[in-house]
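Throughout, numbering of the chain's residues begins at 1 and tracks the sequence.
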Amino acid sequence: MFTEVEIKTPADIAMLRKSGALAAKVLEMIAEHVRPGVTTNQLDKLCHDYIVDVLDAVPVNIGYNGYPKTICTSVNHVICHGIPSDRALKDGDIVNIDVALTKDGWHGDTSRMYFIGEPGILAKRLVTTTYEAMRAGILAVKPGATLGDIGYAIQSVAHKEGFSVVREYCGHGIGRIYHEDLQILHYGQPGAGLPLQTGMVFTIEPMINAGKRHSKEMPDGWTVVTKDHSLSAQWEHMVAVTETGFEVLTPWPDGVGEYSALAA
């Protein structure tokens, strides 16, 4: 028995397109500030002020189930939900910045990886592979495909490179509610799971580890790290199922750069 999933109308998707675009603008804005010597607290304040003062939107992470900050900053072996702090970034670090906001009651949620200075060979390969895994999952989205198709596409890219897929955390439905009752696993079997329908909107946000897939939550109740202390990377986009395939609702305003285009 499949979960009842809210199907968005074209008007709903137009609102989500707007909020998604604003979330992506935050990640574009912060890029020039992600450099050695900057603390993740400083990045958090910049994102908060930009969301509130420039975008006239609401940062939704603050106070969400007790979370204390605007963004999540997951550095090196942190898988997800890293809390900004006075820790200064250093050359060679990798960091995921995850931002969520609301505009007119609709959510935008996206994340991307940044290199601090010059990354190591393994770090760069992990980050690129994780992007390609997310891309493969997005390209699998179309009416009649299944959630298992998405997960299988993601894990196939990761496993081919010898990396592992975190299983404890997944993508989710999104709309007026931040986390709707739809889980997008980043592993799976072709043809398995819920069939996709036009009007579904959800995030695809694989977390890929350079070592083993196992994770551990830290005593702060939020920060999740790799058990073996290996590097981890994550990318996230909001995606709508269209009549002919998909639409990415959080496209980067500055384009994809050296990464592959999010199109077939």
**Step-by-step side chain to side chain contact (heavy atoms under 4.5 Å, CB included) determination, L147 to L196** = CA-CA 7 Å; L147 294 182; L196 303 182; 3.6 Å; yes

**Message:** I'd like to know whether R87 forms a side chain to side chain contact (heavy atoms under 4.5 Å, CB included) with D93, so could you lay out the CA-CA distance, the side-chain angles of the two residues, the decisive distance to 0.1 Å, and finally the verdict.
**Reply:** CA-CA 12 Å; R87 176 201 189 281; D93 283 345; 3.3 Å; yes

**Criterion side chain to side chain contact (heavy atoms under 4.5 Å, CB included) on L55 and Y50, from CA distance to verdict** = CA-CA 6 Å; L55 302 182; Y50 185 76; 3.7 Å; yes

**Asked** side chain to side chain donor-acceptor pair (under 3.5 Å) between N41 and T39: does it pass, once the steps are laid out?
**Response** CA-CA 5 Å; N41 260 339; T39 71; 5.5 Å; no

**Request:** Could you walk me through whether R213 and R167 pass the side chain to side chain contact (heavy atoms under 4.5 Å, CB included) test, one step at a time?
**Result:** CA-CA 7 Å; R213 69 172 182 83; R167 296 192 170 208; 3.8 Å; yes

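Side-chain contact between L122 and F163: present, with at least one pair of heavy atoms (C-beta onward) separated by less than 4.5 Å. By the 4.5 Å heavy-atom criterion applied to side chains, Y169 and Q234 are not counted as neighbours. Between K69 and Y67 there is a side-chain heavy-atom pair separated by less than 4.5 Å. Here the side chains of V34 and I116 are in contact, with some heavy-atom distance below 4.5 Å. In this structure, D56 and K103 have side chains that are in contact, with non-hydrogen atoms separated by less than 4.5 Å. A heavy-atom distance below 4.5 Å is not found between the side chains of V127 and T130. Contact of the I83 side chain with the P68 side chain is registered, since non-hydrogen atoms from C-beta on lie closer than 4.5 Å. In this structure, I204 and V141 have side chains that are in contact, with non-hydrogen atoms separated by less than 4.5 Å.
Remark: the backbone N or O of P190 is not paired with any side-chain donor or acceptor of D149 at under 3.5 angstrom. No donor-acceptor pair under 3.5 Å is formed between the side chain of N76 and the backbone N or O of L231. With T40 contributing its side chain and S85 its backbone, the two residues share a donor-acceptor pair below 3.5 Å. Not one N or O on the side chain of T250 forms a donor-acceptor pair closer than 3.5 Å with the backbone of G20. For the pair Y114 (side chain) and R35 (backbone), a donor-acceptor distance under 3.5 Å is absent. With hydrogens and angles disregarded, a donor-acceptor distance shorter than 3.5 Å links the side chain of R135 to the backbone of A261. Listed for the D228 side chain is no donor-acceptor partner under 3.5 Å among the backbone atoms of G211. Side chain of T102 to main chain of G105: no donor-acceptor pair is present (N/O by atom type, distance under 3.5 Å, no hydrogens or angles). Proximity of a side-chain donor or acceptor of T203 to a complementary backbone N or O of H172 within less than 3.5 Å is detected. Counting only distance, with no hydrogens or angles, the side chain of N96 and the backbone of A233 share no donor-acceptor pair below 3.5 Å.
In this structure, CD1 on I138 lies 9.5 Å from CD1 on I150, to the nearest 0.5 angstrom. Put simply, CD on E32 and CG on L46 are 9.0 Å apart, with the number rounded to the nearest 0.5 Å. Note that NE2 of H77 is 14.0 Å distant from NZ of K227, once rounded to the nearest 0.5 Å. Taking OG1 from T73 and CG from D44, the interatomic distance works out to 7.0 Å, rounded to the nearest 0.5 Å. Put simply, CG on D104 and OG on S19 are 9.0 Å apart, with the number rounded to the nearest 0.5 Å. The structure places NE2 of H48 at 14.5 Å from CG of L43, a figure rounded to the nearest 0.5 Å.
The minimum heavy-atom distance between V225 and M218, with the atom names listed, is CG2-SD, 3.8 Å. Scanning all heavy atoms of the two residues, the minimum distance from A133 to P206 falls at C-CG, 4.5 Å. When all heavy atoms are compared, the tightest approach of N65 to W222 is O-CZ2, 3.3 Å. When all heavy atoms are compared, the tightest approach of Q183 to C170 is CB-SG, 3.8 Å. P253 and E28 get closest at one heavy-atom pair: CB-OE1, 3.4 Å. Closest approach of L16 to I174, counting heavy atoms only: CD1-O, 4.1 Å.
Side-chain rings of H237 and F246 stay apart, their centers remaining 6.0 Å or farther from each other.
Of the candidates Y64, F202, Y178, H107 forms a ring-ring contact (aromatic ring centres under 6.0 Å, His included) with just one, namely Y178.
With hydrophobic clusters built from ILVMFWY side chains whose heavy atoms lie under 4.5 angstrom apart, M238 does not share a cluster with M134. L101 and W106 are not part of a single hydrophobic cluster, where members link through side-chain heavy atoms under 4.5 Å apart. Residues I177 and L249 do not share a hydrophobic cluster, clusters being chains of Ile/Leu/Val/Met/Phe/Trp/Tyr side chains in contact below 4.5 Å. M113 and I97 end up in different hydrophobic clusters when Ile, Leu, Val, Met, Phe, Trp and Tyr side chains are linked at under 4.5 Å. Under the 4.5 Å side-chain heavy-atom criterion for grouping Ile, Leu, Val, Met, Phe, Trp and Tyr, V38 is connected to L27 within one hydrophobic cluster.
In this structure, Y131 and W252 have tilted ring planes: the angle between them lies in the 30° to 60° band.
Salt bridge status for R17 with E247: present, with a side-chain N to carboxylate O gap under 4.0 Å. Between E132 and K160, no side-chain nitrogen of the basic residue sits less than 4.0 Å from a carboxylate oxygen of the acidic one, so the salt-bridge criterion is not met.
Between the side chains of T70 and N61, not a single donor N or O lies within less than 3.5 Å of an accepting N or O. Between the side chains of S111 and E205, no donor-acceptor pair is found at a separation under 3.5 Å.
In this structure, H229 places its NE2 atom where only 12 or fewer heavy-atom neighbours from other residues, nucleotides or ligands lie under 6.0 Å away.
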